[in-house]
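Below: the structure, in structure tokens.
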Amino acid sequence: MAYVIAEPCIGTKDTACIDACPVDCIHPKKDAPNFGDHNQIYIDPVECIDCGACVPVCPVSAIFALDDLPEKWNSFTAINAAYFGK
Ligand code: SF4
């Protein structure tokens with residue numbers, strides 16, 4: 001299981017989650033050259049250790065444990081994984 005960043009991130013990209021993540025598995029970072037190329041940020045489903053630290057810091061409640069992901073945002077599981085080629 002992993003955590004997933006869903007639709008509310010689009011257009012927000014707050015990045016507080018990136019600072020909260022203890023294993024540095026949320027990308028792209030604000031200073032990454034490709035940050036502007038993406039309308040949201042993503043969680044690496046393999047590197048995520050399911051700690052939940054990113055959830056409360058998100059101002060738009062965009063992050064969900066896979067089990068809690070609203071069905072309407074199911075496609076975001078693959079969208080997050082695809083960024084990392086997974
Ligand atoms: Fe990082 Fe923990 Fe959030 Fe996974 S659940 S993305 S490890 S902060």
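The basis for the numbers below is simple: all heavy atoms, side chains too, and nothing from hydrogens, waters or symmetry mates. As the structure lists them, so they are numbered: ligands from 1, and atoms in each ligand from 1.
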**Report entry** Step-by-step side-chain contact (heavy atoms from CB on, under 4.5 Å) determination, L66 to D50
**Finding:** CA-CA 10 Å; L66 199 49; D50 302 333; over 6 Å; no
Query raised in the report: Does one side chain, of D68 or Y3, offer a donor that lies under 3.5 Å from an acceptor on the other?
Result: no
Query - Inter-residue atom distance C17.SG - Y42.OH, 0.5 Å rounding - result: 12.5 Å
Report summary line: atom 5 (S) of ligand 1 has as its nearest protein heavy atom G52 N, 3.2 Å
Query raised in the report: Relative to the heavy atoms of P22, which atoms of ligand 1 are at a distance of less than 4.0 Å?
Result: 8 (S)
Report summary line: In this structure, atom 2 (Fe) of ligand 1 is nearest to the protein heavy atom C51 SG, 2.3 Å
Query - Taking atom 1 (Fe) of ligand 1 as the reference point, the nearest protein heavy atom with its distance - result: C21 SG, 2.4 Å
Report task. If you have a sec, work out which protein heavy atom is nearest atom 7 (S) of ligand 1 and how many Å separate them, to one decimal? Result -> I49 N, 3.4 Å
Query raised in the report: Going hydrophobic residue to hydrophobic residue with side-chain gaps under 4.5 angstrom, can you get from F84 over to F76?
Result: yes
Report summary line: Note: ligand 1 atoms sitting under 4.0 Å from heavy atoms of I43 are 6 (S)
**Report entry** Heavy-atom proximity to atom 8 (S) of ligand 1, best of C54, C25, C48
**Finding:** C54
Query raised in the report: Short list, please: which atoms of ligand 1 are under 4.0 Å from a heavy atom of V23?
Result: 7 (S)
Report task. Report yes or no: is the cationic atom of K29 (NZ for Lys, CZ for Arg) closer than 6.0 Å to the six-membered ring centre of F35, at no more than 45° off its axis? Result -> no
Query raised in the report: Of all heavy-atom pairs between A20 and V57, which one has the smallest distance, and what is that distance?
Result: CB-CG2, 3.9 Å
Report task. Using a 4.0 Å heavy-atom threshold (strictly under), name the region of I26 that reaches ligand 1: side chain, backbone, both or neither. Result -> side chain
Query raised in the report: Can A2 be said to touch ligand 1, with heavy atoms closer than 4.0 Å?
Result: no
Requested in this report: Check whether any side-chain heavy atom of D44 lies under 4.5 Å from a side-chain heavy atom of I26, and answer yes or no.
Outcome: no
